[in-house]
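Worksheet: the structure to be examined is printed underneath.
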Amino acid sequence: MRVVDLRSDTVTLPTEEMLEAIRTAELGDDVYGEDPTVNRLEELAAKKMGKEAALLTTSGTQANLVSVLSQTKLGDEVILEADAHLYYYESGAFSTLGSLIPRLVRGHLGVMTPQDIEAALRPPDIHIPPTSLICIENSHNRAGGTVWSPSQIKDVFDFAKGHGLSVHMDGARVFNAAVAQNLDVRDFTRYVDTLMFCLSKGLSAPVGSLAVGDREFIDRARRYRKMLGGGMRQAGVIAAPGIIAIEKMVDRLKDDHANAKMLAKGLTKIEGISLDPSHVQTNIVLYDVAGLGVSGEEWVAKINEFGVKAGAQEAGRVRMVTHRGIEKEDIEYTLSVAEKVAKQVSKKGHPDIL
Ligand SMILES: Cc1ncc(COP(=O)(O)O)c(C=O)c1O
């Protein structure tokens with residue numbers, strides 16, 4: 001049976017060139033700073049992002065965590081969008097390990113304005129934990145891969161600087177944001193103090209993310225990474241495909257975006273499925289199947305019977321993510337399965353019209 005795995009862009013496998021780069025990578029002990037391939041990747045990442053330095057981490061979660069810990073003190077409050085990955089899907093790491101308190105701000109499609117943040121920002125007071133950091137997410141996963149534009153980022157950055165706060169960007173998919181807006185990624189990183197991005201999502205590398213910022217920040221982050229058990233030895237085997245990911249895999253993200261738009265357009269034509277195609281800005285398609293009288297889990301189980309894999313979220317929400325393993329024909333197949341299953345389940349819900 002044909003399998004179309006739309007659960008996440010993390011399922012992408014390394015290219016042949018990446019596998020060959022792993023085999024031939026020049027290696028050393030990175031905890032001593034002696035892995036030349038890691039050093040090359042970190043320099044490349046810093047340069048790409050227009051910052052001083054970068055640090056290879058085991059995962060996006062670890063890169064976010066060391067970034068947040070490096071810019072806060074025990075007991076600080078951190079401002080996050082209500083659906084932030086950092087808050088929602090990272091096992092409460094920064095609260096557990098950093099004793100930090102999340103202050104959630106509901107944005108629009110994942111984007112917060114200075115006014116939204118101002119309403120949540122509390123004045124210095126002995127009763128209130130001090131705020132030190134604002135975290136933004138670009139593209140925003142739970143909002144459906146929506147993009148913060150450079151000017152929206154600058155607005156929040158200017159506000160933060162006016163209040164003595166730092167800004168960290170969870171840029172797990174920041175290259176998707178840049179490609180979607182046809183801009184250089186530096187346009188998105190100029191107005192943040194620090195960011196992280198993932199090599200192992202749409203860029204197809206098997207492992208790894210990078211925290212990026214100024215040298216002092218990276219020195220602190222490196223210490224936290226060690227504390228978390230993320231000091232790796234011959235990590236050049238991770239860095240080598242990472243270099244290819246950054247140098248060769250960015251431009252093709254536009255194909256994933258085109259496929260996501262095609263998928264969204266097709267899904268809107270199916271009665272009972274609701275989604276707003278204008279929200280599909282990158283490679284994530286979020287839609288609602290509640291109109292078909294099924295839960296997200298039921299829908300996902302049904303389409304899985306035909307080899308189409310997706311992610312169920314709360315209520316009737318379903319997520320599909322396009323990536324390098326998905327071709328136009330896979331989208332066509334997915335739409336034909338969705339149409340068939342929609343007919344099946346809506347008939348079940350209305351036996352009197354059979
Ligand atoms: C927006 C965002 N941030 C962070 C992460 C965490 O990355 P990892 O799975 O590598 O820990 C993800 C993973 O899906 C993500 O989507």
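When a ligand or atom number is given, it counts from 1 through the structure's own listing order.
Heavy-atom contacts of Thr61 reach the following atoms of ligand 1: 6 (C), 7 (O), 8 (P), 11 (O) (cutoff under 4.0 Å). Close contacts of ligand 1 with Ala172, meaning ligand atoms under 4.0 Å from a residue heavy atom, involve 1 (C), 2 (C), 3 (N), 15 (C). Residue contact check: Met196 has heavy atoms under 4.0 Å from atoms 3 (N), 4 (C) of ligand 1. Under a 4.0 Å criterion applied to the non-hydrogen atoms of Gly60, ligand 1 contributes the atoms 6 (C), 7 (O), 8 (P), 10 (O), 11 (O). Atoms of ligand 1 lying under 4.0 Å from any heavy atom of Ser59, numbered from 1 in the order shown and given with element: 10 (O), 11 (O). Below 4.0 Å from some heavy atom of Glu137 lie the following atoms of ligand 1, by number and element: 1 (C).
Ion pairing between a basic and an acidic side chain is recognised when a charged N comes within 4.0 Å of a carboxylate O; Asp219 and Arg215 show no such pairing. Salt-bridge check for Arg222 with Glu42: passed, with a basic side-chain N closer than 4.0 Å to an acidic carboxylate O. Salt-bridge check for Glu43 with Lys47: failed, with every basic side-chain N at 4.0 Å or more from each acidic carboxylate O. At a threshold of 4.0 Å, the pair Lys328-Asp255 does not count as salt-bridged, since none of the basic side-chain nitrogens sits closer than that to a carboxylate oxygen. Salt-bridge annotation for Asp193 and Lys161: present, with a side-chain N of the basic residue lying under 4.0 Å from a carboxylate O of the acidic one.
Ligand 1 lies nowhere less than 4.0 angstrom from a heavy atom belonging to Gln62.
Of all protein heavy atoms, the one closest to atom 12 (C) of ligand 1 is His85 NE2, 3.1 Å. Nearest protein heavy-atom neighbour of atom 3 (N) of ligand 1: Asp170 OD2, 2.6 Å. The protein heavy-atom contact nearest to atom 13 (C) of ligand 1 is Lys201 CE, 2.9 Å.
Both tests do not hold together for Arg173 against Phe197: distance to the six-membered ring centre under 6.0 Å, angle to the ring axis within 45°.
Glu81 and Gly107 make their closest contact through OE2-N, 2.7 Å (heavy atoms, listed as atom of the first residue, atom of the second, distance).
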Could you walk me through whether Met196 and Val212 pass side-chain contact (heavy atoms from CB on, under 4.5 Å), step by step?
CA-CA 6 Å; Met196 82 82 166; Val212 192; over 6 Å; no
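Residue-to-ligand polar distances keep Ser200 apart from ligand 1: every N/O pair is separated by 3.5 Å or more.
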